[in-house]
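We name chains A, B, ... by the order of the sequence lines, and we start the count at 1 in each one.
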Protein chains: 2
Amino acid sequence: MVTIMDKLQTKEKQSDLRMTRQRRLILEELDTPGMHPTADTVYQRVRRRIPNISLGTVYRNLEILSQAGMVKKLHIGSGQKRYDRTLHRHYHVRCVKCGFISDVPAEPFGDLEEAARGSSEFDILGHDLEFEGLCENCKGDGIQQHQD
Amino acid sequence: MVTIMDKLQTKEKQSDLRMTRQRRLILEELDTPGMHPTADTVYQRVRRRIPNISLGTVYRNLEILSQAGMVKKLHIGSGQKRYDRTLHRHYHVRCVKCGFISDVPAEPFGDLEEAARGSSEFDILGHDLEFEGLCENCKGDGIQQHQD
DNA sequence: GTGGCTGCAAAGAATTTGCATGGGC
DNA sequence: GCCCATGCAAATTCTTTGCAGCCAC
């Protein structure tokens, strides 16, 4: 089991990262704006350019990049984990019908944490906010399948 | 794969629910205040009273109860799903060190969704807010393991 | 050159599902 | 009695890991 101590330690090592072809292409895929791909989606896409890359490598890299703070792991919806290139802080909306995830360009609400501090014994360090709703496609009762 | 249509349909059927011994005890476990157990934790606890209950039954029931709106499925942290008896709307804090999850008794922020509506094409229906922080035990650098 | 990184494959963890039987209503 | 619910076990799905060779620095 990976402990937080592992995480904290790994975070220090981010300068050691070697920029392999695999890692560079994985990062490139994540740079596509508005994407919140699963590990498998990243795998499928990078495979177009490195046909024999392994899914294990993709998982390993997403984990490493996530611990280095270059990528954010999202635990949205009930399915697989998703990954988001962390450029600036933002929120997400998930379509309750098709699962499509989109960015919400709203400014982070700073006072949320202040309010939580008043009613919890925790040291509050941050927050994640996820909206639920119906995406453009699903508003009209259409049952389309959205992409990542 | 379970689609949203399945979900919506099942939601209508909530009156069909039979109150079996298994289902009742699962609900009882979830009634314990402040608990956010995983399926396996529920299984372990109910097993004390129904030794031969199966893990599959626990999963099936948690899913059914969740779709009936009696239980909320939480996707917090990276690990297993957790389940929360839905009595009233509230938020959660997760300890980044030990993973302990606690309720935040703060009142829901209604204006969050209003703000999101302004900057998204989605029909916003709701939101989930999760705080991150350090729990009482972990504040002092202790690396204790919290329970559910 | 060396230590991190990769591909491959097998293992592991979490959850779902098929089927025959059992039990709530 | 009907039909949903259960126990059991196998199957799926997603993710991690061991290992020998490879490659970025």
Side-chain angles (χ1 to χ4, degrees), chain A residues 1-3 6-7 9-27 36-44 46-47 49-68 70-71 73-83 99 148, chain B residues 1-3 6-7 9-27 36-44 46-47 49-68 70-71 73-83 99 148:
Chain A
M1 171 167 333
V2 173
T3 69
D6 294 328
K7 276 195 193 171
Q9 285 172 350
T10 314
K11 218 161 206 165
E12 308 299 323
K13 289 201 240 163
Q14 68 183 93
S15 47
D16 288 4
L17 292 190
R18 289 187 186 173
M19 195 46 66
T20 62
R21 194 156 111 83
Q22 288 82 345
R23 184 163 294 160
R24 192 178 333 108
L25 288 182
I26 288 170
L27 275 171
H36 310 87
T38 63
D40 195 68
T41 300
V42 173
Y43 171 59
Q44 298 298 343
V46 173
R47 216 144 77 104
R49 303 215 256 159
I50 310 181
N52 67 329
I53 192 176
S54 91
L55 184 54
T57 295
V58 173
Y59 272 106
R60 260 181 303 228
N61 271 293
L62 290 172
E63 182 61 29
I64 288 169
L65 294 170
S66 152
Q67 299 199 344
M70 304 173 73
V71 162
K73 207 188 286 187
L74 306 178
H75 316 294
I76 294 188
S78 47
Q80 300 114 289
K81 291 167 191 145
R82 288 171 178 276
Y83 299 86
D148 301 273
Chain B
M1 160 149 2
V2 174
T3 70
D6 293 329
K7 276 194 194 172
Q9 283 172 351
T10 315
K11 217 159 205 165
E12 309 300 324
K13 288 200 242 164
Q14 68 184 93
S15 47
D16 289 3
L17 291 189
R18 288 185 186 172
M19 195 46 68
T20 60
R21 195 156 108 81
Q22 289 81 345
R23 185 164 292 163
R24 191 178 335 106
L25 288 182
I26 289 170
L27 275 172
H36 309 88
T38 62
D40 195 68
T41 300
V42 173
Y43 172 60
Q44 299 299 342
V46 174
R47 216 144 76 104
R49 301 215 257 161
I50 310 179
N52 68 328
I53 192 176
S54 91
L55 184 54
T57 295
V58 173
Y59 271 107
R60 259 183 303 230
N61 272 295
L62 290 172
E63 182 60 29
I64 288 168
L65 293 171
S66 152
Q67 299 198 344
M70 304 173 73
V71 162
K73 206 189 284 188
L74 306 178
H75 316 294
I76 294 188
S78 48
Q80 299 113 290
K81 292 168 191 141
R82 287 170 178 277
Y83 299 86
D148 302 88

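Side-chain N/O atoms of Arg18(A) and base N/O atoms of dC5(C) include no donor-acceptor pair closer than 3.5 Å. A donor and an acceptor atom never sit less than 3.5 Å apart when one is taken from the side chain of Arg23(B) and the other from the base of dG24(C).
Between Gln22(A) and dC23(D) there is no side-chain N or O to OP1 or OP2 distance below 4.0 Å. For Thr20(A) and dC23(D), the shortest distance from a side-chain N or O to OP1 or OP2 is not below 4.0 Å. In this model, the phosphate group of dG7(D) is approached by a side-chain N or O of Thr57(B) to a distance below 4.0 Å at OP1 or OP2.
Within the 4.5 Å cutoff, the side chain of Arg60(A) has no heavy atoms near those of the Glu63(A) side chain. Looking only at side-chain heavy atoms (C-beta outward), Val71(B) and Asn61(B) stay at 4.5 Å or farther from each other. When side chains are defined from C-beta on, Arg82(A) does not count as touching Thr41(A), because their heavy atoms never get closer than 4.5 Å.
In this structure, the nucleotide among dT6(C), dA5(D), dG18(C) sitting nearest to the side chain of Arg60(A) is dT6(C). Nearest nucleotide to the side chain of Ile53(A), out of dG7(C), dC3(D), dG7(D): dG7(C).
If you take CZ of Arg47(A) and C1' of dT6(C), they are 16 Å apart, rounded to a whole angstrom. The CG atom of Leu25(B) sits 15 Å away from the C1' atom of dA5(D) (whole-angstrom rounding). Across the protein-nucleic acid pair, Glu63(B) atom CD and dA14(C) atom P stand 18 Å apart, rounded to whole Å. Atoms CD1 (Ile50(B)) and P (dA5(D)) sit 15 Å apart, rounded to a whole Å. Here the P atom of nucleotide dT17(D) and the CD1 atom of Ile64(A) are 12 Å apart, to the nearest Å. When rounded to the nearest whole Å, the span between OH of Tyr43(B) and P of dT6(D) equals 14 Å. Rounding to whole angstrom units, CG of residue Leu62(A) and P of dC5(C) are separated by 14 Å. Leu17(A) has its CG atom 14 Å from the C1' atom of dG3(C), to the nearest Å.
Note on Asn61(B): only backbone sugar-phosphate atoms sit closer than 4.0 angstrom, heavy atoms only; bases stay farther off.
Of all heavy-atom pairs spanning Tyr43(A) and Ile53(A), the tightest one is CE1-O, 3.3 Å. Counting all heavy atoms, side chain and backbone alike, Thr57(A) lies closest to Ile26(A) at O-CD1, 4.4 Å.
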Pick out the pairs of N or O atoms, protein on one side and nucleotides 9-14 of chain D on the other, that lie under 3.5 Å.
from, atom 1, to, atom 2, distance (Å)
dC14(D), OP1, Gln80(A), OE1, 3.4

Requested in this report: Assess whether side chain to side chain contact (heavy atoms under 4.5 Å, CB included) is satisfied between Gln22(B) and Val46(B), documenting all intermediate values.
Outcome: CA-CA 8 Å; Gln22(B) 289 81 345; Val46(B) 174; 6.0 Å; no

Query raised in the report: When you look at Lys73(B) and His75(B), which way does the side chain to side chain contact (heavy atoms under 4.5 Å, CB included) test go after all the steps?
Result: CA-CA 7 Å; Lys73(B) 206 189 284 188; His75(B) 316 294; 3.7 Å; yes

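Mapping Ala39(B) and Met19(B) onto DNA chain C by nearest heavy atom places Ala39(B) at the nucleotide closer to the 5' end.
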